[in-house]
Amino acid sequence: MRRTEKAINWFTGHVSERQTTILLAFVVGLLASVAAFVLHWLIRNIQLLLTKGFHATSYNWLYLVFPVVGIWLTSLFVKYVVKDNISHGITRILYAISLKKSRLKAHNTWTSVVASALTIGFGGSVGAEAPIVLTGSAIGSQLGQLFHLDKKRLMLLVGCGASAAIAGIFKAPMAGLVFTLEVLMIDLSMASLLPILISCVTATCFTYIIVGSDALFNFHLDDAWNIRRIPATVILGVACALVSLYFIRMMTACENVFARMKEHRYVKLLAGGLLLSTLISLFPALYGEGYSALNILLNGNNEADWDILLNNSLFYGQSQLLVVYVALVILTKVFATSATNGAGGVGGTFAPSLFIGGFSGFLFARIWNIYSMGVYLPEKNFTLLGMAGVMAGVMHAPLTGIFLIAEITGGYDLFMPLIIVSVVSVLCISFFEPHSIYAMRLAREGKLVTHHTDHSVLTLMSLESVVEKEYTAIYPDMPLGKLVNAISKSQSSFLPVIDNADVLLGEIDITRIRHIMFRTELYSRFTVRQIMTPVAATLNMNDPMESVMKTFDEQHVHYLPITDIDGRLLGYVSRTRVYSMYRKLVADFSAD
């Protein structure tokens, strides 16, 4: 351990901070691509092992068993091995950036891989992307902490890990870059652009080396886009926004239901497991990430191709019910995903948003063509557009939707409709949900780092870092003579009045008692209780700095006390100290 520390100290002493960041960005990209490969290798082999021998002509009763077993194994792993919450991976990254100085725990570098492999491999209807993004970010955070990087560069390495994870999973470096910009809201400057690009390109190159050049989704453009399809493309964007809103609202509602079962772990497992198993047995397309079903839609050209979707289900052989089947899959995917995570599984909403988007785009084009709306819409093209539209709407990330879909499918010939669908979707859903599914919880608590520098700096500040715990306290029954003695020893112009339990009762403002404090004949006639004044306002240690600054402005005071929920005094915060730290952070935050 000492040798490692000495080696790091020597390295940091001979290599500049910028060069260190660039080298670490390369290492993060490499390790993130390896983590992505390991997770997908585990998922693929678990699924092959479990579903080997299933017959396409009928549904298999084991679909009722496997997902429950997977969630149960995952919950045991989390409870007895991890002993920490590792769900909602991308939300946890945003939380770490906002409140933990970009410090993610060491176990996050591997635990999400194991947990999500068990969940998804056994059929959990969630995505592997969020766990890998958390893993990549944790790798960046740990390396940054190991090399004692400052807060800003540590945040940058967390962003490098996230972007490398996306780039490695999908072989899409530009999508990784814009994902960090839009979803994690890490501002790009000349100083941060190069490390993130290095991570993305490194992860993409090593993924090609490890798994070959095959794309995650196979797509061949048979019918080029033309300008006559603009109205349909715009309408699809609106439809994607509505589907995104349904996804976010229903996901939140279902998670709240499972959250109320927090104290009843096995009831939660049973409820979620049964719901998931039932849905998968009825709609096998919900099994796992669902990318194989998406590939069917992206490569199908006729009824025979699309009917493969109905394999293993009660709908097998009922081609006339394909539209009904696809619509039901869209409606139930949200319940399958929330049941997986709510029952104890580990996975993300990245893949489910792509899945629902693809099915929605296909359904839109299919219904349009059935009713002969004047212009023919290629179902496979609109499957692709739907993937971009819903993902952009759910994440509030139009650039990520555009570049990801274009890169993973090679569908650059559809760049214009991808832009239209993604932008329209985000514009429409913004009227109903101002934040993405990942950021909405933190945004409601005022703890979300955004591209607005002032707001971001206030979010990154905390009361704990500016609290002053050295103060001279006095008691209500103290006579004026002893109060004057206490004032002579105090360094401030006020003294807090507390009782025997340290509960704050009021304060003495020296400027208000000057007319009596030098009259010795009054020292025995007055007590602190008679001359103390109530405090203008109190703060809580968990109050966001934005509300702290607002309180200072409203009360026109220079000091404010901090109390706990029982009213006990914890310390004071100075307006001068807060503004001084704020100015320093703004300077650091804005510097390249």
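To the nearest 0.5 Å, atom CD1 of residue I209 and atom CZ of residue F37 are 12.5 Å apart. Atoms CZ and CG, from R229 and N381 in turn, are 6.5 Å apart once rounded to the nearest 0.5 Å. The SG atom of C205 sits 11.0 Å away from the CG atom of L30 when rounded to the nearest 0.5 Å. Note that CE of M416 and CG of N226 are 13.0 Å apart. Values are rounded to the nearest 0.5 Å. Residue I248 holds its CD1 atom at 9.0 Å from OG1 of T349, rounded to the nearest 0.5 Å. To the nearest 0.5 Å, atom OG1 of residue T111 and atom NZ of residue K105 are 10.0 Å apart.
The ring of F170 has its center closer than 6.0 angstrom to the ring center of F350. Residues F403 and F415 place their aromatic rings such that the two centres sit under 6.0 Å apart.
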Taking it one step at a time, do V68 and L274 satisfy side chain to side chain contact (heavy atoms under 4.5 Å, CB included)? CA-CA 7 Å; V68 181; L274 285 176; 5.7 Å; no
Would S33 and T202 count as a side chain to side chain contact (heavy atoms under 4.5 Å, CB included) if you check the C-alpha gap in whole Å, the side-chain angles of each, and the deciding distance to 0.1 Å? CA-CA 8 Å; S33 65; T202 301; over 6 Å; no
I235 vs F364, side chain to side chain contact (heavy atoms under 4.5 Å, CB included): CA-CA, chis, key distance, verdict: CA-CA 9 Å; I235 296 171; F364 178 87; 3.7 Å; yes
Does E379 form a side-chain hydrogen bond (donor to acceptor under 3.5 Å, both in side chains) with N369? I'd like the steps, not just the answer. CA-CA 9 Å; E379 282 89 348; N369 291 331; 3.2 Å; yes
Run M387 and L298 through side chain to side chain contact (heavy atoms under 4.5 Å, CB included) and show every step you take. CA-CA 11 Å; M387 291 167 66; L298 288 171; 4.2 Å; yes
Would you check, one step at a time, whether the test ring pair (Phe, Tyr, Trp, His ring centres under 6.0 Å) holds for F362 with F382? CA-CA 6 Å; F362 175 86; F382 272 71; over 10 Å; no
Any chance you could lay out the side-chain hydrogen bond (donor to acceptor under 3.5 Å, both in side chains) test for T74 and T119, step after step, and finish with the verdict? CA-CA 6 Å; T74 303; T119 300; 2.9 Å; yes
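Panel note: side chain H396, backbone E433; a donor-acceptor pair is recorded below 3.5 Å. A donor-acceptor pair is defined here as one N or O able to donate and one able to accept, closer than 3.5 Å; such a pair exists between the side chain of S281 and the backbone of T278. In this structure a side-chain-to-backbone donor-acceptor pair under 3.5 Å is present from N45 to W41. Between the side chain of Y246 and the backbone N or O of L331, at least one donor-acceptor pair lies under 3.5 Å. No side-chain donor-acceptor contact under 3.5 Å links N341 to the backbone of G348. Formation of a donor-acceptor pair under 3.5 Å by the S360 side chain with backbone atoms of I356 is found in this model. Between the side chain of E182 and the backbone N or O of T400 there is at least one donor-acceptor pair closer than 3.5 Å. The closest donor-acceptor contact from the side chain of S338 to the backbone of F335 lies under 3.5 Å. Within the 3.5 Å criterion, the main-chain N or O of M391 finds no donor-acceptor partner in the side chain of S353.
Contact detail for V78 and D84: the closest heavy-atom pair is CG1-O, 3.4 Å. The two residues A285 and F359 have their closest heavy-atom pair at CB-CZ, 4.3 Å. When every heavy atom of I71 is checked against every heavy atom of A343, the shortest pair comes out as CG2-O, 3.5 Å.
Sparse packing is recorded around CH2 of W72, with 12 or fewer heavy atoms of other residues, nucleotides or ligands lying under 6.0 Å away. Counting heavy-atom neighbours within 6.0 Å of I227 CD1, excluding the residue itself, gives a total of 12 or less.
Side-chain contact between K333 and I330 is absent, with no heavy atoms from C-beta onward closer than 4.5 Å. R249 places a side-chain heavy atom less than 4.5 Å from the side chain of F432. Using a 4.5 Å heavy-atom threshold, the side chains of S244 and S425 count as touching. E407 has its side chain out of reach of K171: every pair of non-hydrogen atoms, C-beta onward, lies at least 4.5 Å apart. Taking the side chain as every heavy atom from C-beta outward, S163 and F179 never approach each other to under 4.5 Å. For the pair T340/P67, no side-chain contact is recorded, criterion being any heavy-atom separation below 4.5 Å from C-beta on. Residues L276 and S125 have side chains in contact (heavy-atom distance under 4.5 Å, counting atoms from C-beta outward). Annotation: side chain of V114 is in contact with side chain of F77 (closest heavy-atom distance under 4.5 Å).
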